[in-house]
Enquirer: 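What follows is a single structure, and I will ask about it in a moment.
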Amino acid sequence: MKTNTTLTRKTKETNVSITIDLNNNDSSIQTSIPFLDHMLTAFAYYANLSLTIRASGDTEIDQHHLVEDIGITLGRAFQELIYQDIGRKRFASITIPMDEALSQVTLDFSNRPYLIFNDQPKNEFIGTYQVNNTKEFFYAFSIESRITLHINVIYGENDHHMIESYFKALGLAFKEALTITTENVTSTKGAL
Ligand SMILES: [Mn+2]
């Protein structure tokens, strides 16, 4: 079974290189957007895997291209590792707080992409990070990883806390859903 992969995606707008190693937990993430580095580091830590990301792009225009392209590349890399001929736990639902914020992430490694995303940020920026690109990131990520992904902020006041709570919940959900429970693919249809 394949436990690591490296993908590089270069366009006229961005250059993104991502390595995932399911058997390590020593991430190194440099996207040029510090808040996104902070979120992806938290995700990888709680997923108990290693993410190495080097990404740059035309953020002087807008962060949208780079954030979306990181979502695309990360999703494609995970898609390679998730859907192999092995029985993963597949489903997970995690609800965790961060101070006053509470978020729930529920997912299914279904091989059918879908995104439900309920977060209404109060501010346009966290540091230099443009907050409204978070949905763009998860849309690209869910499509390319072919995961059914539901992200719901249940309540909260502080945008940093709300976003961090669902990146952590996503990590914990990945850790659980990636767990191998049987030799055969987890589906009554015999295939995903
Ligand atoms: Mn933080």
Side-chain angles (χ1 to χ4, degrees), residues 14-60 62-75 77-78 92-107 115-142 144-145 147 149-178:
T14 66
N15 189 355
V16 179
S17 180
I18 295 182
T19 298
I20 301 169
D21 184 348
L22 299 181
N23 292 336
N24 271 301
N25 191 350
D26 56 347
S27 292
S28 167
I29 298 171
Q30 294 173 21
T31 67
S32 80
I33 305 169
F35 183 74
L36 188 58
D37 294 352
H38 178 38
M39 292 302 103
L40 291 170
T41 300
F43 160 70
Y45 177 82
Y46 288 103
N48 195 32
L49 53 81
S50 171
L51 268 189
T52 304
I53 301 180
R54 296 291 179 272
S56 58
D58 55 358
T59 51
E60 70 282 0
D62 187 346
Q63 290 174 8
H64 182 278
H65 298 153
L66 183 59
V67 172
E68 183 177 43
D69 289 355
I70 292 167
I72 289 170
T73 311
L74 187 64
F78 268 114
S93 188
I94 301 284
T95 306
I96 62 158
M98 181 165 184
D99 296 349
E100 89 299 339
L102 186 72
S103 294
Q104 182 183 55
V105 172
T106 302
L107 58 77
L115 177 68
I116 297 289
F117 184 82
N118 288 312
D119 178 17
Q120 272 140 12
K122 294 172 169 56
N123 297 291
E124 195 177 344
F125 287 95
I126 298 173
T128 59
Y129 177 68
Q130 294 168 343
V131 176
N132 67 359
N133 286 325
T134 311
K135 183 176 182 181
E136 305 306 310
F137 171 82
F138 282 111
Y139 184 75
F141 177 72
S142 60
E144 297 291 340
S145 63
I147 292 173
L149 178 60
H150 294 231
I151 295 173
N152 286 291
V153 174
I154 298 169
Y155 48 72
E157 291 294 324
N158 179 287
D159 287 327
H160 187 134
H161 293 163
M162 290 187 279
I163 296 175
E164 189 163 340
S165 65
Y166 57 75
F167 269 92
K168 286 176 175 170
L170 181 70
L172 289 165
F174 258 66
K175 181 182 176 183
E176 187 174 331
L178 282 167

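In what follows, every heavy atom counts, from backbone to side chain, and hydrogens, waters and symmetry copies are set aside. Just so you know, these numbers come straight off a predicted model, no measurement behind them. We count ligands from 1, going down the list as the structure has it; atoms in each ligand are counted the same way.
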Enquirer: Hey, what's the ring geometry for Phe35 with His160, parallel, tilted or perpendicular (30° and 60° as the breaks)?
Expert: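 Correct class here is perpendicular.
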Enquirer: Starting from the C-alpha separation in whole Å, work towards a yes-or-no answer on side-chain hydrogen bond (donor to acceptor under 3.5 Å, both in side chains) for Glu157 and His161.
Expert: CA-CA 8 Å; Glu157 291 294 324; His161 293 163; over 6 Å; no
Enquirer: Measuring from the Mn ion (ligand 1), name the closest N, O or S atom belonging to His38.
Expert: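 Atom name returned: NE2.
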Enquirer: Which atom name does Glu164 have for its N/O/S atom nearest to the Mn ion (ligand 1)?
Expert: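 That would be atom OE1.
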Enquirer: When you measure from the Mn ion (ligand 1) to the N, O or S atoms of His161, does any of those distances fall below 2.8 Å?
Expert: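 False for His161.
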Enquirer: Is a side-chain N or O of Thr73 found less than 3.5 angstrom from the main chain of Ile70, in a donor-acceptor match?
Expert: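 No; zero donor-acceptor contacts below 3.5 Å.
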Enquirer: Taking the ring of Phe167 and the ring of Phe138, is the distance between their centroids below 6.0 Å?
Expert: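 Centroid distance Phe138-Phe167: below 6.0 Å, so yes.
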